[in-house]
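Chain letters run A, B, ... following the sequence lines, proteins first, then strands; residues in each count from 1.
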Protein chains: 2
Amino acid sequence: MVTMGDVARLAGVSKMTVSNVVNNRTGVSEPVRRRVLEVIAESGYHLNLSARTLKSGRTGVIGLAVPEVDRPYFGMLAARVIEHAARRGFHVAIEQTGAVIAGEVEAIAQSHNLQLDGLILSAVVLDPRQHQVTDGSIPIVMLGERDFGAAFDHVAMPNEEGTRAATEHLINRGCRRIAFVTGDDLEGVNVVASRRRGYAAALAERGLKADPALLVTSPVMTLESGRTAVHRLVGAGAEFDGVVAVTDTVAQGVLRGLADHGLACPRQVRLVGFDDIPESKYLVPSLTTVAPDHGWMAEMAVRLVVERMADPARPTAEYVAPFDIIARESTR
Amino acid sequence: MVTMGDVARLAGVSKMTVSNVVNNRTGVSEPVRRRVLEVIAESGYHLNLSARTLKSGRTGVIGLAVPEVDRPYFGMLAARVIEHAARRGFHVAIEQTGAVIAGEVEAIAQSHNLQLDGLILSAVVLDPRQHQVTDGSIPIVMLGERDFGAAFDHVAMPNEEGTRAATEHLINRGCRRIAFVTGDDLEGVNVVASRRRGYAAALAERGLKADPALLVTSPVMTLESGRTAVHRLVGAGAEFDGVVAVTDTVAQGVLRGLADHGLACPRQVRLVGFDDIPESKYLVPSLTTVAPDHGWMAEMAVRLVVERMADPARPTAEYVAPFDIIARESTR
DNA sequence: TTGTATGCGTTATCAA
DNA sequence: TTGATAACGCATACAA
């Protein structure tokens with residue numbers, strides 16, 4: 001391997017001069033700079049980032065911990081975060097937490113070992129009331145789901161507002177018996193609880209009764225759980241003319257479940273999701289959904305991490321992403 | 001920051017002994033080991049990976065370059081690669097190439113700077129005949145798409161075999177006018193060309209004519225391009241009773257396009273995709289598809305990278321993933 | 001404008 | 001079984 005010293009020797013200068021050239025610092029005469037760059041090109045020299053890191057204590061790597069990158073929503077998030085991080089000169093190492101508490105705790109713990117400069121954690125199960133996760137050694141930004149109070153910077157989804165708007169949208173379309181298909185952690189501080197509050201609030205506002213038979217929960221929020229939810233509703237003889245799904249992925253499963261029972265959407269049952277994943281527009285019927293501004297969220301998360309690196313003492317901030325209701329065929 | 005030296009001092013031993021304990025090496029007496037571990041726990045010491053890297057020249061990071069992580073297929077791939085790499089003690093840094101040649105070349109070039117121990121490159125546009133990409137400084141495994149001959153280890157998709165089987169499946173179901181919806185780089189050494197060969201081979205084998213009007217190409221392979229392809233077929237007055245889509249994502253777009261024109265699938269047009277992304281099972285109608293073994297591919301790619309680290313001289317190998325045809329509603 | 005000395009935290013080598 | 005020393009490649013401080 002060719003080192004900075006080799007380049008210095010070949011160019012007939014000192015290591016320091018090479019370092020200055022490599023780092024684009026001033027104070028190097030033009031002829032010397034050219035000579036050094038020549039030698040670098042010829043020799044195939046590459047700066048050793050580990051050595052620089054050892055000196056500076058910074059790796060230039062931001063961790064992104066998500067449940068699984070192959071869930072559409074988190075894949076989308078990862079793509080945006082990688083983009084915005086690159087724009088600021090950072091690389092992204094992805095950790096998969098598996099949506100289990102141990103995985104999310106581990107992601108924080110590992111951030112030391114991995115020498116991350118910062119961590120963006122999309123926690124979905126970690127409960128701030130039950131787990132002491134205050135780390136403090138590197139900037140951690142909580143993304144999207146759980147609210148850890150003022151302990152961390154937090155970029156939140158418009159969970160409650162979004163679901164309320166979605167539910168209102170169904171009501172405006174004439175639905176009166178609206179089911180809510182979601183996860184089962186209704187008590188915690190989490191996306192499931194917040195979105196359900198929005199659903200309940202909209203019903204209450206419009207004077208509709210929240211029928212417990214129309215609340216279908218399951219431990220996971222997947223395509224399969226959405227499908228199964230419909231099977232359960234129909235199996236229990238529940239009457240419903242609208243469904244609010246906790247995510248687009250679940251909604252897609254619901255669509256499948258409706259098809260299994262020959263229920264036409266939107267004619268017999270209208271459906272609305274949450275996230276606006278890329279596929280939603282192409283489903284048959286295309287899916288009405290709550291569309292938070294994902295690019296905005298990713299950019300903000302990266303920005304908060306980077307800014308906190310510069311100023312660790314800054315008070316934590318909480319941002320809620322803007323959103324739109326995208327009306328499509330599933331609620332026509 | 002607490003260093004190995006600090007731990008050594010606190011434990012009353014040498015740095016080397018601490019290192020031996022941290023690395024689980026033999027030759028440390030039990031009492032000393034316990035004492036050191038105690039101090040480590042108390043002091044909150046964490047091994048500095050950069051320093052280790054500086055010594056060893058290894059980072060423990062494998063790069064994974066994919067077009068975009070938010071495409072379902074590549075998200076799936078990334079998830080599997082991360083899993084298998086973790087199993088072998090490696091972390092994964094994801095690069096997004098944007099499916100452009102410059103991005104793919106850049107990924108290789110950057111692998112130096114990022115101090116990657118290896119690179120898994122899912123190239124989709126880089127053409128081995130036109131670009132000199134032989135690097136040699138770190139192990140590079142080509143994944144899935146393009147064939148670089150013996151220059152790199154290669155884990156291939158069963159492109160030709162898969163599409164042939166898919167096309168045969170349609171013929172067996174009674175289709176006689178089968179369209180192929182794909183990308184437009186039909187000449188290169190790539191997934192588009194191979195899959196088309198499989199399509200053509202199946203038609204030829206069964207004595208069906210390949211009507212050029214039924215070959216619909218577009219520069220990209222997306223949900224939108226699938227949808228548009230159907231619009232173009234119908235707009236041109238083409239008659240077709242089956243569609244082979246180059247990927248499941250494109251197939252999903254095709255499904256949408258069929259719906260736009262009131263064409264019933266599978267009654268009027270049968271459809272088959274390629275990849276078996278998680279969503280395919282839940283589409284309405286559920287999608288018949290060629291299902292390569294993605295876990296197998298990811299595992300093999302990681303294995304090849306890691307093995308080549310150990311033995312850079314080993315001749316390159318080529319593996320083709322096994323696959324199944326999953327018959328679902330879209331070809332019922 | 002350029003060079004020298006020193007140290008970042010770890011590990012390999014060799015000696016004790 | 002343990003310890004001392006010398007690197008790894010770079011950047012900081014300071015001297016020339």
request  = Could you walk me through whether B:Ile108 and B:Ile140 pass the side-chain contact (heavy atoms from CB on, under 4.5 Å) test, one step at a time?
outcome  = CA-CA 8 Å; B:Ile108 296 180; B:Ile140 299 182; 3.9 Å; yes
What are the atom names and distances for every N/O pair under 3.5 Å that joins the protein to nucleotides 12-16 of chain D?
none

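- For the side-chain contact (heavy atoms from CB on, under 4.5 Å) with B:Leu143, the qualifying choice from B:Leu304, B:Leu119, B:Asp153, B:Leu77 is B:Leu77, the only one to do so.
- Residue-environment remark: CZ (B:Arg33) exceeds the threshold of 12 foreign heavy atoms within 6.0 Å.
- Atom-to-atom, CG of B:Leu54 to P of D:dA11 comes out at 12 Å; the value is rounded to the nearest Å.
- For the atom pair B:Arg25 CZ and B:Thr17 OG1, the distance stands at 10.5 Å (nearest 0.5 Å).
- In terms of the ring-ring contact (aromatic ring centres under 6.0 Å, His included) criterion, residue partners of B:His294 (sequence neighbours excluded) are, by chain and number, B:Tyr73.
- In this structure, B:Ala321 and B:Met297 approach most closely via the heavy-atom pair CB-CG, 3.4 Å.
- Within the structure, every side-chain polar atom (N or O) of A:Arg52 is placed at least 4.0 Å from both OP1 and OP2 of D:dC10.
- B:Ser50 places none of its side-chain heavy atoms less than 4.5 Å from the side chain of B:Leu54.
- Between B:Gln115 and A:His46 the shortest side-chain heavy-atom distance does not fall below 4.5 Å.
- Side-chain contact check for A:Val141 versus A:Val155: some heavy-atom pair is nearer than 4.5 Å.
- When DNA chain C is scanned in the 5' to 3' direction for atoms under 4.0 Å from non-hydrogen atoms of chain B, the outermost contacting nucleotides are C:dG9 to C:dT13.
- Taken residue by residue, residues 26-45 of chain A places heavy atoms nearer than 4.0 Å to DNA chain C at A:Gly27, A:Val28, A:Ser29, A:Val32.
- Two end axes, each from the C1' atoms of five base pairs, can be drawn for the helix from C:dT1-D:dA16 to C:dA16-D:dT1; they diverge by 30°, to 10 degrees.
- Along DNA chain D, the nucleotide nearest B:Gly12 and the nucleotide nearest A:Leu47 are compared for position; the residue whose nucleotide lies closer to the 5' end is B:Gly12.
- Residue A:Val22 is classed as having no contact, given no heavy-atom separation below 4.0 Å to the nucleic acid.
- Screening residues 61-70 of chain B for salt bridge (charged side-chain N to carboxylate O under 4.0 Å, His left out), with sequence neighbours left out, gives A:Arg80-B:Asp70, B:Glu68-B:Arg71.
- Atom C1' of nucleotide D:dA11 and atom CG of A:Leu49 are separated by 14 Å, given to the nearest angstrom.
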key: Full working for side-chain contact (heavy atoms from CB on, under 4.5 Å) between A:Leu114 and A:Glu95   = CA-CA 11 Å; A:Leu114 295 176; A:Glu95 306 291 310; 3.5 Å; yes
key: Stepwise side-chain contact (heavy atoms from CB on, under 4.5 Å) test for B:Ile40 and B:Val22   = CA-CA 9 Å; B:Ile40 287 179; B:Val22 166; 3.9 Å; yes
task = Before giving the answer on side-chain contact (heavy atoms from CB on, under 4.5 Å), spell out for B:Asn48 and B:Thr3 the whole-Å C-alpha distance, their side-chain angles and the decisive distance to 0.1 Å.
result = CA-CA 8 Å; B:Asn48 184 324; B:Thr3 76; over 6 Å; no
